[in-house]
Every structure is written in C-alpha cells, then in structure tokens.
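Right, one structure below, let's go through it.
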Amino acid sequence: MRKGNRVTVFILLALMACLLAGCGDKKQPDTEEPTTQETTTEEVTTEEPTTQELTEETTESTISEGDGEKVPKVKVNQAGYGRKDKKIAVFADLDEDDTTFTVVEADTDKVVFKGKLSEQVGNISAGEKNCTGDFSELKEEGTYKVVSGNGKVSYSFTIGDHVYENAFQNTLYMFYLQRCGQELDEEHAGEFAHPACHGEEAYLYGTEQTIDVSGGWHDAGGYERSVVFGAKATADLMLAYEKNPEAFSDETGIPESGNGVSDLLDEVRIELEWMLKMQSRENGGVYHKVSCDNVSDVVMPQDETAKLVVAPVSNAATGDFAAVMAMASRVYQKVDRDFAQRCIIAAENAWFYLEDHQSDDTLQDSEKMVTGESQDISSADEMFWAAAELCKTTDDVGYVESVKDLYPKLKSLYGFGWMDVSGYGAYAALTSEALALDSSNFPLDLKKAFLEEAEQALAVAKKNPYMVRKIGRYEWGSNMGIANMGLLLYLANELEPKDDYVEYARNHLNYLFGVNATGYCFVTGEGTLGPENPCHNPSRVLEKAMPGMLVGGPDSDLADTYTEAVFIDTPVAKCYVDDVECSACNGVAVCWNAPLIYLLAAEKE
C-alpha cells in the first residue's frame, strides 16, 4: 500500500529509528565494494544441523505466515529453491531453548521435515544472533514454511525446478520498459505504456552544437542515460548470454520477439545502438552521459521536456565503450556480421583515442549538470578492460602487451561495478586465446590473483551468518555489490570449477530474495515481503511498482537526507526502508538488474 501523508510517515519513521541499535558513521555515496581485506570478529559455527525423523501429522493450516511480524525471525528465499539445491534458513534472535525446526506444508501444516538448529552466533552487522537450519534433504515439489520449535515462522516458499522463472522474465523485461526515445504501446508495456520521449537533439556541453543521441535505456529511476551504467549492464547481459544462450528465448513479448534472434540480444542492441551515437565522430572519444540540464519533477518520461545536454568525453566512458563494443563484435558475429563489424571498428577507434589521452584520467560532472553526479578518479581499469576485450575478440598480440602494461596500475581484480571494472578485464584476458599463448608467467599470475579474489569472497561469506561477502559496511547500491560477488564466484568457477564457488554464488542470490537481515525480497513483484515503493519515476506517477526491479538495498553510508533522519543507531545490515523518498535504499538501475540476470541465467543451466 502506497504511503499517504509523506511528512507524517517521515517523522514517525525517524522516531521509530531512535529505538533501534547500531548504524555506522556517515560516508560519501560510493558504489565500490569493500576491500578484499575485510575482517570480522563475528563468531561463526561450522557445525552441520542434524536431521530427525519425519512425522505424518496433517492438519488444516493454523500457522500465521511470517509469524504475524513484518520482518520474520526465520529468513528464507521467498522465490524458493531448486529440488537439488542446498536449502538453509537463517533464524534471528531465537530464545535459548528454541533449538529445533520443522518444514511444513503451507496449506495444511503437515510436517514434512524435522531438523536441529545450529548454535547461535553473534552478527554485529545485523545487531542480532543467528542460527541456521539445513533442510537440503527435502526435495519434493511443493509450497512450504519453516517453523522454529517455539513457533517462529518464515514466509512461504516453493521447492521445484523453475522457481525463478517469473523473476527471470520480469527482471529482463524491465529493460524494455526502461527504453528511451520510442513509444511503448499498451500491447507490450501495459500500464507502463507511454509516447516516445527525449527524441530531440541534445546540446554538447558548453556549446550550441547539437547531436542525435536518442534511444537506449533510462539508467535508473529518473531519465538520465550514462555510458558507464549502460556498459556495465550490457556487459553483464552479454556474459549471461555467453554462459547460457539457451536461457534466452525469442518469445518474451517485446516488439522484436519472433524475429529469429534472442530477445536478450535484441534488447542489448537497443543500448549498443545508442552508445554508438555517443561516440565523437572527430576523435573516437565517447561522451559520458546525456541528461536534462536540471533535475525534473516526478513525471512520466514523455513529460520531461527540459533541454538535453551531452556531458563531455571521458576516458571512463571511452574505455567502457571500447570494451563492450569488442564484446558485442564477438557476441553478434553469428547474428549480424555487419553490426559486429561496426562494433569492432568503433571499439578500435575508441582505443586509439585512449592511447592519445591517457593523461586525461579523472572524471567529475560539470558544475551545471546536476542530474546525478558521476566521479571516477582513475581510468586504468577501463583501459585494462578495453585492452582485454579487444585482445579476446581480435587475437591481436599488441593488446596482450597493453593488458600486461596496464595490470600493475589496478587497485584490485574484483571490480564489477561502474567505477571499477577491473574484474571484467581480468576475466576477458583469462579467457583470451591470444593471452593463453603468451610465454611469460603473466597468464598464471593473473589467474592466481583473480582466484585469490574469489577465495577472499568465500572467506568473508563463510564468516557472515547470511552467507554473503558483506560485513561492516553497506554502500549505496549494496545489492549490486551482492549480485556482483555472485557473478565473481560464477566466473571463478568457469576458470577453475569448485563446488564452493557455485554454492556461495547461490547464497548471494538467496540473500537478494529474502535471506538477509531485513527479511525483504529485494526484487519488486516477487516474494511475500518486497519493495512496493521504489524510487522510480514511472512507478511513482502510476502508484504501482514496475515489476522485476532490484532495489539498492541497505545503505549504511546514509547517502541521502532521508536515511540520515531514519537510520539513527541502526545496525548497518538493516539500514533499509521501502519508501519512494529513499533513493539511497530504494533506487533502481539497469546496472543493478543486469548482474542479477546473470545469476538467474546461471540457475537455468
């Protein structure tokens, strides 16, 4: 139900927050993941729960779902679990004598599984004590609830072979609903239909020159379009396609459906065609973003009519562009050879620009463009990614040398965000035939360093009672960081298969669908407790959450005035509120959805 009197709600939430316990100091918003040297003093048990005999009792259901609490003490993946998946519920703050659990049929309360809980351990980030219950032995399809011995109850969930199908379709369809510059008709967009938007030519910043930059996707809840956001999103989607092309049909219901090409590739091409318009014809550099010259009111896209302005060329945008165009040339080769050729030419022209402008190494939004600040203090990672993708696509040994030269300048190899893309570069290089033929120790050293990042992610996840690589700080867009760590683990598994990589990648997916300290399933339209009030303009205007959007999640940095007021002394893992005014927690972005789609595509293998 949508909020009524916003001021009243704001004050009430702020007062309620004063009663909570433990949020960290305010920091500047940042999409970087925590460093790989994270440590924790939280106690963790490795004891496996034991299984007891099943009972055959059958009664009419009298157990209240979620135990009547908005945030239940029993956390499960609200989408469900595959029949063969590991299934672990996380319990919070149970009584000391609450040491057992059951799994019951949701409609009858028939007990189908009994188990013993692990020992409780402290969870500083969540301000609670946790224990777990493992019911992996339950494989029969159905809808269930988990109940502690003293009667604490989870939300319902299913066990089956296709539990993510609805979420997969909706998270992918969100990209169509975010299209810019074209009409979305009622047949395809339903309630989110609207006339064409942002079709006029845009002014190059500081000049009276205009260029056509229509098309692409709206980045987030507003209507800005950024190359760096789009590059991360298209990269994740193309990686998902390369991993499991059979997951993506030609029948999702977008206008291009039925044309003989995967709808994912049709959708990605929408953004790629826009990105090609963002490349300077004069020097090959790429303009960073396009937006109105000021923040608009909360309106539908066709009603945002202020002057469009194109931000200056940046090395970050140019490097990302070169990388994804090289990827696209490879991915689209069998689909449209002419388009693939356009992409590789554009990628190499962008690379030539980077070679001539390596000293132009910082990015900060122009003072008069106040529609969403973008800062990046180094473009070494973008150049590294570009060189690696060009190396993989062209087999040109010159790019191998560029990869080797740029590697020492990197801060890490786990970057899969928009500010640090080094992880993409490392994976591209390690799957390049040209680099594999290099006779130096570099390929082995790079692989070792990449896998060390994955091992560090595992080590941190195993210390977190919610089984994800997140302890101590929850940055703006923390759910993207969670999805990115799942991506890292799956890519590590491609390089060196290991059961732990797959298991903990799935744990990151479980987190996003409800196994977290807030108890929320963070994808709109999914689960029992999910976001209903995303900070997303069309959803706000229509008073209906667009389905299939991954919201930002907990933000202990307190990155906006709303979170500063509400999360006074709140544990960092619980700094989340489902409110349209909270862009820090409830914002959305195409580059947050994209790694989630990779994880969901991996589940369909």
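Owing to the predicted nature of the structure, the values given are computational and were not obtained by experimental measurement. In what follows, residues are counted from 1 in the order of the sequence shown.
Between Phe168 and Phe248, the two ring planes are tilted [angle within 30° to 60°]. Ring-plane geometry between Tyr176 and His188 is classed as perpendicular, the angle between the planes exceeding 60 degrees on a 0 to 90 degree scale with a lower cut at 30. Taking the six-membered ring where tryptophan is involved, the planes of His198 and His218 are perpendicular, since the angle between them exceeds 60° and thus also 30°. Between Phe229 and Trp418, the ring-plane angle classifies as tilted under the 30° and 60° cut-offs.
Using a 4.0 Å cut-off between charged nitrogen and carboxylate oxygen, Glu271 and Arg225 do not count as a salt-bridge pair. Checked for salt-bridge contact, Asp420 and Lys411 miss the test: no charged N lies under 4.0 Å from a carboxylate O.
Between the side chains of Asp263 and Thr252, at least one donor N or O lies within less than 3.5 Å of an accepting N or O. Residues Asn349 and Gln279 have side chains that never bring a donor and an acceptor to within less than 3.5 angstrom of each other. Glu452 and Gln456 share no side-chain donor-acceptor pair at under 3.5 Å. Judged by distance alone, the side chains of Tyr424 and Asp236 do bring a donor and an acceptor atom under 3.5 Å apart. No side-chain donor from either of Asn510 and Lys86 sits under 3.5 Å from a side-chain acceptor of the other.
In this structure, Tyr501 has its ring center at least 6.0 angstrom away from the ring center of Tyr490.
Partners of Asp445 according to the side chain to side chain donor-acceptor pair (under 3.5 Å) rule, which considers only residues two or more places apart in sequence or in another chain, do not exist here.
We find the CH2-CE distance between Trp592 and Met174 to be 10.0 Å, quoted to the nearest 0.5 Å. Here the CG-CZ distance, from Leu276 to Arg342, works out to 5.0 Å after rounding to the nearest 0.5 Å.
Remark: side-chain polar atoms of Ser539 are paired, donor with acceptor, to backbone N or O of Met546 under 3.5 angstrom.
In terms of heavy atoms, Ile344 sits closest to Ala326 at CD1-CA, 4.3 Å. Shown here for Cys591 and Pro595, the closest heavy-atom pair between the two residues is O-CD, 3.3 Å. The minimum heavy-atom distance linking Asp557 with Arg473 is given by the pair OD2-NH2, 2.6 Å.
By the 4.5 Å heavy-atom criterion applied to side chains, Thr431 and Leu495 are counted as neighbours. For the pair Glu389/Met325, no side-chain contact is recorded, criterion being any heavy-atom separation below 4.5 Å from C-beta on. Side-chain contact between Met485 and Lys470 is absent, with no heavy atoms from C-beta onward closer than 4.5 Å.
Stacking of Arg469 on the aromatic ring of Tyr414 is recorded, both the 6.0 Å distance cut-off and the 45° axial limit being met.
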Let me see the working for Phe416 and Val421 under side chain to side chain contact (heavy atoms under 4.5 Å, CB included), right down to the final yes or no.
CA-CA 5 Å; Phe416 291 94; Val421 294; over 6 Å; no
Go through the steps for Lys289 and Asp219 under the test salt bridge (Lys or Arg N to Asp or Glu O under 4.0 Å), then give the verdict.
CA-CA 10 Å; Lys289 69 176 184 178; Asp219 281 350; over 6 Å; no
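Around the CD atom of Glu251, the shell of radius 6.0 Å holds no more than 12 heavy atoms that belong to other residues, nucleotides or ligands. At most 12 heavy atoms of other shown residues, nucleotides or ligands fall within 6.0 angstrom of atom OH in Tyr203.
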